[in-house]
Amino acid sequence: MKEKLELVENSFRQALAVTSDTKGLEALKVKYLGKKGELSGFMRLLKDIPNDQKAAAGQMINRIKKSFQGQLDDRREELKKVEFEKQMDSEWIDITLDPLQTHAGSLHPVSLVQQRLERIFESMGFQVLDGPHIETEHYNFEALNVPAHHPARDMQDTFYFEDGHLLRTQTSTIQIHGMENLEPPIRIIGPGKVFRCERTDASHDSCFHQLEGMMIDKDISVSHLIHFMRTMLGEIFESDVKVRLRPGYFPFVEPGFELDISCLLCKGKGCSVCKKVGWIELLGCGMVHPNVLRAGNIDPSIYSGFAFGMGLDRLAMMKYGITDIRPLHGGNLNFMRRFATSS
Ligand code: DAH
């Protein structure tokens, strides 16, 4: 029996060495240690051997059984590790990759302020007009009281087409289209893109956005202008904004003003944003020049009006605390998403 057991031990050892997965190990366990396995067969033979050898033979079979069990357990641990490694290699994923997310689009900060302004003015009886980006000199300059020789043309250099058309430098062009197409009383705003031959820096770009406004009726005065500006600014900045008018020159208004608001960051005390003066220059405005009314077929002896124009990029920058105009037109979606929930 001893020699036979040694043969079984040898064949077990060899079989174990070539088993390469845990499934194979289970089969080996059944073959050697199972109820109908090799070692159980030897146990059954014990009854046939002489009594004085029985105990020693029984102990020997039990020792081999334990040894097989131990070896199977050790090998199982080894193989489990190998199988785990294999699985890791085949199911490898890069968890540092940006997940494939779909982002819902959101409105650009300039569109946000534009829409907000449109709602504010519509609630005050103004209608929103659109105008062409490509204009004639007549609409961009002459009808706005800037004849060909006028030095104000230098301040608004633009891109000219060979046929004499140009990219509009200001939304004031919409005033003329509005007066031509509507009858007084007129309350209009005209938002849109404008273009200038500018060197780009933190506060200038060759394309930016303006919103123009105009009100024409009988007996319109500067107090109407101040009322509408104050109402509009209070709504947009959601606080009671202090307003001041300084004389300012624009060929299409007389008198003309620069409108400043008290600095929202320091509440007028003076800070680096308002350059220590407590006021921020926001828009140009004034009483519509009689020549401009005439260019729009409106009789200045019957009607008067006010007009204003402001930069929407500048307004968006102030409202959202953006210090450089360039990312506004840079197309970086991560930058844009910061304003996704703002209104
Ligand atoms: N069009 C002017 C500009 O681009 C802004 C402006 C000033 C518009 C005064 C107006 C106004 O309607 O009355 O600088």
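Please read all numbers here as calculations on a predicted model, not as lab measurements. One-based numbering, in listed order, for ligands and for the atoms of each.
Side-chain polar atoms of Gln175 and Glu212 form a donor-acceptor pair below 3.5 angstrom.
With sequence neighbours left out, Phe250 forms a side-chain contact (heavy atoms from CB on, under 4.5 Å) with Phe252, Val253, Glu258.
For residues 165-198, the pairs satisfying ring-ring contact (aromatic ring centres under 6.0 Å, His included) are His133-Phe195, Tyr139-His177, with sequence neighbours left out. Under the ring-ring contact (aromatic ring centres under 6.0 Å, His included) criterion, the residue pairs touching residues 30-70 are Phe12-Tyr32, Phe12-Phe68, Tyr32-Phe68, with sequence neighbours excluded.
For the pair Arg75 and Glu78, the salt-bridge criterion is met [side-chain N within less than 4.0 Å of a carboxylate O].
Ring planes of Phe121 and Phe126: perpendicular class, angle over 60° (limits at 30 and 60°).
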Every pair of nitrogen or oxygen atoms between ligand 1 and the protein that is under 3.5 angstrom apart - can you list them with their distances to 0.1 Å?
residue	atom	partner	partner atom	Å
ligand 1	1 (N)	Gln170	OE1	2.7
ligand 1	1 (N)	Ser172	OG	3.0
ligand 1	4 (O)	Arg196	NH2	2.8
ligand 1	4 (O)	Gln210	NE2	2.9
ligand 1	12 (O)	Gln175	NE2	3.1
ligand 1	12 (O)	Glu212	OE2	2.6
ligand 1	12 (O)	Phe308	N	3.4
ligand 1	12 (O)	Phe308	O	3.3
ligand 1	13 (O)	Ala307	O	3.2

